[in-house]
Participant: 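The structure is given below, and queries will be raised subsequently.
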Amino acid sequence: DTGVSQNPRHKITKRGQNVTFRCDPISEHNRLYWYRQTLGQGPEFLTYFQNEAQLEKSRLLSDRFSAERPKGSFSTLEIQRTEQGDSAMYLCASSPRPPGDTEAFFGQGTRLTVV
Amino acid sequence: QKEVEQDPGPLSVPEGAIVSLNCTYSNSAFQYFMWYRQYSRKGPELLMYTYSSGNKEDGRFTAQVDKSSKYISLFIRDSQPSDSATYLCAMINTNAGKSTFGDGTTLTVKP
């Protein structure tokens, strides 16, 4: 499978628990993005990496959120002390080096439900 | 006010109709304009992207950009039930690297 892979596809957690999501981008894609999408809204940018460097973080990414991309390959997004407002679809996308940013390929997302 | 505003819909059309989906934006620094299709509970799929003002055609789909009016459109000709999905416009300021999305228009094409 050569697409962007996200795991798990679904996660139900209790409020206050920590969760971690994984994204495996398309091989050799240097840029990796995380977005969050709630029902009826478009994806909202969270953060992105150029190889292993995290280049930008949205103000939506509170200090409870942390993202890593060790070795510039897969990435993880961790949410600590989850809140009900964190319930959303978390989308990962990857793209080749610029100017290929427009060719972003999205994964199927991880749907988080905080109860 | 959001940087990207998209006609909210929902939109319901009969099979074979021409569909027009529209977005406006306020940030003149946006340089690339994309249209994504998103089926329920799936990730967005890139349909088309354009850089300059004018039209770009790909099969039944035509993307139109008017930078002077800060307005973009996606036209779907001979719409099919399989086109039923949510369509998202997105824009990039390449200096920023990230995409800014509209909230999507849900389209239903009835057989």
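Chain naming here is simple, since letters A, B, ... match the order of the sequence lines and numbering starts at 1 in each.
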Participant: Taking atom NZ of Lys57(A) as the centre, does the number of heavy atoms from other residues, nucleotides or ligands within less than 6.0 Å exceed 12?
Facilitator: no

Participant: Could you state the interatomic distance from OG (Ser95(A)) to CG (Leu46(B)), rounded to the nearest 0.5 Å?
Facilitator: 11.0 Å

Participant: Using a cut-off of under 4.5 Å on heavy-atom pairs, state which of Gly109(A), Pro43(A), Ala93(A), Gly107(A) scores highest against chain B.
Facilitator: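 Option with the top pair count is Pro43(A).
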
Participant: For Arg64(A), does the CZ atom sit with more than 12 other heavy atoms under 6.0 Å from it, leaving out its own atoms?
Facilitator: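 Yes, enclosed.
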
Participant: Can you tell me if CD1 on Ile12(A) sees more than 12 non-hydrogen neighbours from other groups inside 6.0 Å?
Facilitator: no

Participant: In terms of heavy-atom contacts, does NZ of Lys56(B) have more than 12 from other residues, nucleotides or ligands at under 6.0 Å?
Facilitator: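 Result for NZ/Lys56(B): enclosed.
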
Participant: Does Tyr51(B), at its OH atom, have more than 12 non-hydrogen atoms belonging to other residues, nucleotides or ligands within less than 6.0 Å?
Facilitator: no

Participant: Atom CE of Met89(A) and atom CD of Gln38(B): how far apart are they, to the nearest 0.5 Å?
Facilitator: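 So the CE of Met89(A) and the CD of Gln38(B) are separated by 7.0 Å.
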
Participant: About how many Å separate NE2 of His10(A) and CZ of Arg41(B), when rounded to the nearest 0.5 Å?
Facilitator: 7.0 Å

Participant: In Å and rounded to the nearest 0.5 Å, what is the NZ to CD distance from Lys98(B) to Glu44(A)?
Facilitator: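 One gets 12.0 Å once the value is rounded to the nearest 0.5 Å.
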
Participant: In the structure I gave you, are the side-chain heavy atoms of Pro44(B) and Tyr35(A) within less than 4.5 Å of one another anywhere?
Facilitator: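 In short, these two side chains do not touch, never coming nearer than 4.5 Å.
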
Participant: Determine whether a donor-acceptor pair (N or O, by modelled atom type, separation under 3.5 Å) exists between the side chain of Gln41(A) and the backbone of Asp103(B).
Facilitator: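 Absent.
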
Participant: So how far is it from Gln37(A) CD to Leu88(B) CG, rounded to the nearest 0.5 Å?
Facilitator: 6.5 Å

Participant: Count the heavy atoms of every other residue, nucleotide or ligand shown that sit under 6.0 Å from CD of Glu68(A), and state whether that count exceeds 12.
Facilitator: no

